[in-house]
K.L.:
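The structure follows.
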Amino acid sequence: MDKLDMIFERMLSSRIFRNREVLRPDHVPDELPHREEQILKLGAILAPALKGARPSNVFIYGQTGTGKTAVAKYVLRRLKAKAGDKVITAYVNCREADTNYRVLADLCSFLDIHVPFTGLSTAEVLRRFIKGLDRKGKLMIAVLDEIDALVKKSGDAVLYHLTRINASLERSRLSIIGITNDLKFTEYLDARVKSSLGEEELVFPPYTYEELKDILDMRAQEAFHEGVLEEGVIPLCAAIAAKEHGDARKALDLLRVAGEIAEREGATKVTEEHVRKARRELEKDRVVDVLRTLPLHSKLVLLSVYRLEKLRIREITTGEIYNLYKELCKALGLDPLTQRRVSDLISELDMLGILNARVISRGRYGRTRRIRLGISERSLKEGLMEDPSVRGLVHWSLLSS
DNA sequence: AATCCACAGGAAGTGCTGGGCG
DNA sequence: CGCCCAGCACTTCCTGTGGATT
């Protein structure tokens, strides 16, 4: 091995990580601690598939990072291993495929049916799906993950059709596993869909602090070299995640990023300080990432809020923002959007946590929203500076009066 | 008790994109 | 080719409202 090889080799062979992939959020491990009960229950529900019978539809509830997706994927994998070609398993993330059309198109792809990503009517895609599935003469088990996102955005029409599809199938059958982290969302569902989809229900409780520690311990053995984690690291990750509704994904993210930071610094050990840095970095990355990809007019709205805060305006309202926003548009030679639209943009920014907007009534002086910035000045600048069309305005906003 | 502000936020419609079908 | 479709960003028009002021 020559010197160059050694440089490459040092890069390649991490002193920290053995295999960081097992800390990634979409990794499904061979063992899921503290989910035995859910695994067995889901397995029991799906077991009839082995004899060619149609399992009941299942509804899975639980907060983010409680293992819903991992358990569903895990059980399906095991089932598939036993059943072989007799069953077709499908997984659709409804946050990504968040329209009726796309969900159906995604399902079709598991049957090797090509559908264009636009152009057909939804009814036509449904027809093709039914025809394609029936031709297979098999059972299909379809996981619809984050199903609440679909229903909130596009209604339950597709779910209605999918739950009734078995009536139109002669040789095949379809079972649906719906996953949601929003417990209240079934209120939006048609009663028939609700009862059909909820033939069986599974609840995933949040992980406790102790359980999170177990999960991290197990994964850390695979992910890190021996002895690189300082003693308090895993407890700290678990404690932070336990506070946020027992979110295992968060715990794993913290551990992974802490490791990455340690590696970048050339440290030989991962310390609690690395975890604290990781926490800050994860939060900042999230915000900056959202900011960067914001449409231009949302950025201008945001800059207006920023400017008004700089001017120490006591109560920033929709109207004040709109006035300033119009000026920014003029300065850039853009046609301003209507106030109605800007009001919606403010709501979107509120939902992203970038702004805090609260409806208040000032009596005689009307009903409006009081709006404040929900992120640090540093994140805001970092997120907006690289957009050439607003960079100048960021500087301008810094000047007072 | 009535008024009225400054909007919130629903409903419906428009124009455009990117694609299909016959 | 002309027409249709879904989705999106946006506009237009609208009704509703909490509470300080009259």
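Here is how names work: the chains are called A, B, and so on, in the same order as the sequence lines, proteins then strands, and each is numbered from 1.
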K.L.:
List the atom of A/E146, the atom of A/C94, and the distance in Å for their closest heavy-atom pair.
P.N.:
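So the two residues come closest at O-CB, 3.4 Å.
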K.L.:
Rounding to a whole Å, what distance do you find between A/Y322:OH and B/dG9:C1'?
P.N.:
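Distance, rounded to whole Å: 16 Å.
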K.L.:
Given atom CZ of A/R367 and atom P of B/dG9, what is their separation to the nearest angstrom?
P.N.:
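Distance check: A/R367 CZ to B/dG9 P gives 7 Å.
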K.L.:
Just the rounded figure in Å: distance from P of C/dA6 to CZ of A/R102.
P.N.:
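Between P of C/dA6 and CZ of A/R102: 14 Å.
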K.L.:
Consider only side-chain N and O atoms of A/Q63 and A/D247, and report whether a donor and an acceptor are under 3.5 Å apart.
P.N.:
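The criterion, which ignores hydrogens and geometry beyond distance, is not satisfied for A/D247 and A/Q63.
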K.L.:
Expressed in angstrom and rounded to an integer, what is the separation of A/I360 atom CD1 from C/dT17 atom P?
P.N.:
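My rounded result for the distance is 18 Å.
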K.L.:
Tell me the closest heavy-atom pair linking A/L212 and A/A251, and the distance in Å.
P.N.:
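Looks like CD2-CB, 4.4 Å.
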K.L.:
Go through residues 335-358 of chain A and report each residue with a non-hydrogen atom lying under 4.0 Å from DNA chain B, sorted by number.
P.N.:
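Per residue number, the list reads A/Q339, A/R340, A/S343.
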K.L.:
For atom CZ of A/R372, is the number of surrounding heavy atoms from other residues, nucleotides or ligands below 6.0 Å larger than 12?
P.N.:
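No, because the 6.0 Å sphere around CZ of A/R372 holds 12 heavy atoms or fewer from other groups.
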K.L.:
Show me the protein contacts with nucleotides 19-22 of chain C, counting only N or O atoms at under 3.5 Å.
P.N.:
from	atom 1	to	atom 2	distance (Å)
C/dG19	N2	A/G363	O	3.4
C/dA20	O4'	A/R364	N	3.3

K.L.:
Sequence neighbours excluded, which residues qualify as side chain to side chain donor-acceptor pair (under 3.5 Å) partners of A/R364?
P.N.:
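Result, side chain to side chain donor-acceptor pair (under 3.5 Å) vs A/R364: none returned.
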K.L.:
Given atom CZ of A/R370 and atom P of C/dG18, what is their separation to the nearest angstrom?
P.N.:
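These atoms are roughly 18 Å apart.
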K.L.:
Show each protein N/O and nucleotides 18-22 of chain B N/O combination with a separation under 3.5 Å, one pair to a line.
P.N.:
from	atom 1	to	atom 2	distance (Å)
B/dG18	N2	A/T118	OG1	2.8
B/dG19	N2	A/G119	O	3.3
B/dC21	OP1	A/R128	NH2	2.7

K.L.:
What's the CG-C1' distance between A/N323 and B/dA6, to the nearest Å?
P.N.:
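Answer to the nearest Å: 12 Å.
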K.L.:
What are the two closest non-hydrogen atoms of A/E200 and A/S56, and how far apart are they?
P.N.:
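Smallest interatomic distance, heavy atoms only, reads CG-CB, 3.7 Å.
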K.L.:
Can you list everything that forms a salt bridge (charged side-chain N to carboxylate O under 4.0 Å, His left out) with A/R340? Sequence neighbours excluded, please.
P.N.:
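A/R340: salt bridge (charged side-chain N to carboxylate O under 4.0 Å, His left out) contacts with A/D344.
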K.L.:
Would A/T66 and A/H245 count as having a side-chain donor-acceptor pair, cut-off 3.5 Å?
P.N.:
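No, A/H245 and A/T66 have no side-chain donor paired with an acceptor closer than 3.5 Å.
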K.L.:
With axes from five pairs an end, tell me the bend angle of the helix from B/dA1-C/dT22 to B/dG22-C/dC1, nearest 10°.
P.N.:
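Answer for the end axes of this duplex: 30°.
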K.L.:
For the OG atom of A/S361 and the CZ atom of A/R369, what is their distance to the nearest 0.5 Å?
P.N.:
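The distance works out to 14.5 Å.
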K.L.:
Search all heavy atoms of A/Y101 against all heavy atoms of A/L120 and return the closest pair with its distance.
P.N.:
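Heavy atoms only, the tightest pair is CE1-O, 3.1 Å.
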K.L.:
Using a 6.0 Å cut-off, check whether atom CD of A/E31 has over 12 heavy atoms from anything other than its own residue.
P.N.:
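Atom CD in A/E31 is not packed in, count stays at 12 or less.
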K.L.:
Can you name the nearest heavy-atom pair linking A/L334 to A/L300, along with the distance?
P.N.:
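Smallest interatomic distance, heavy atoms only, reads CD1-CD1, 4.0 Å.
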K.L.:
Check whether more than 12 heavy atoms from other residues, nucleotides or ligands sit under 6.0 Å from atom CZ of A/R279, and answer yes or no.
P.N.:
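Open.
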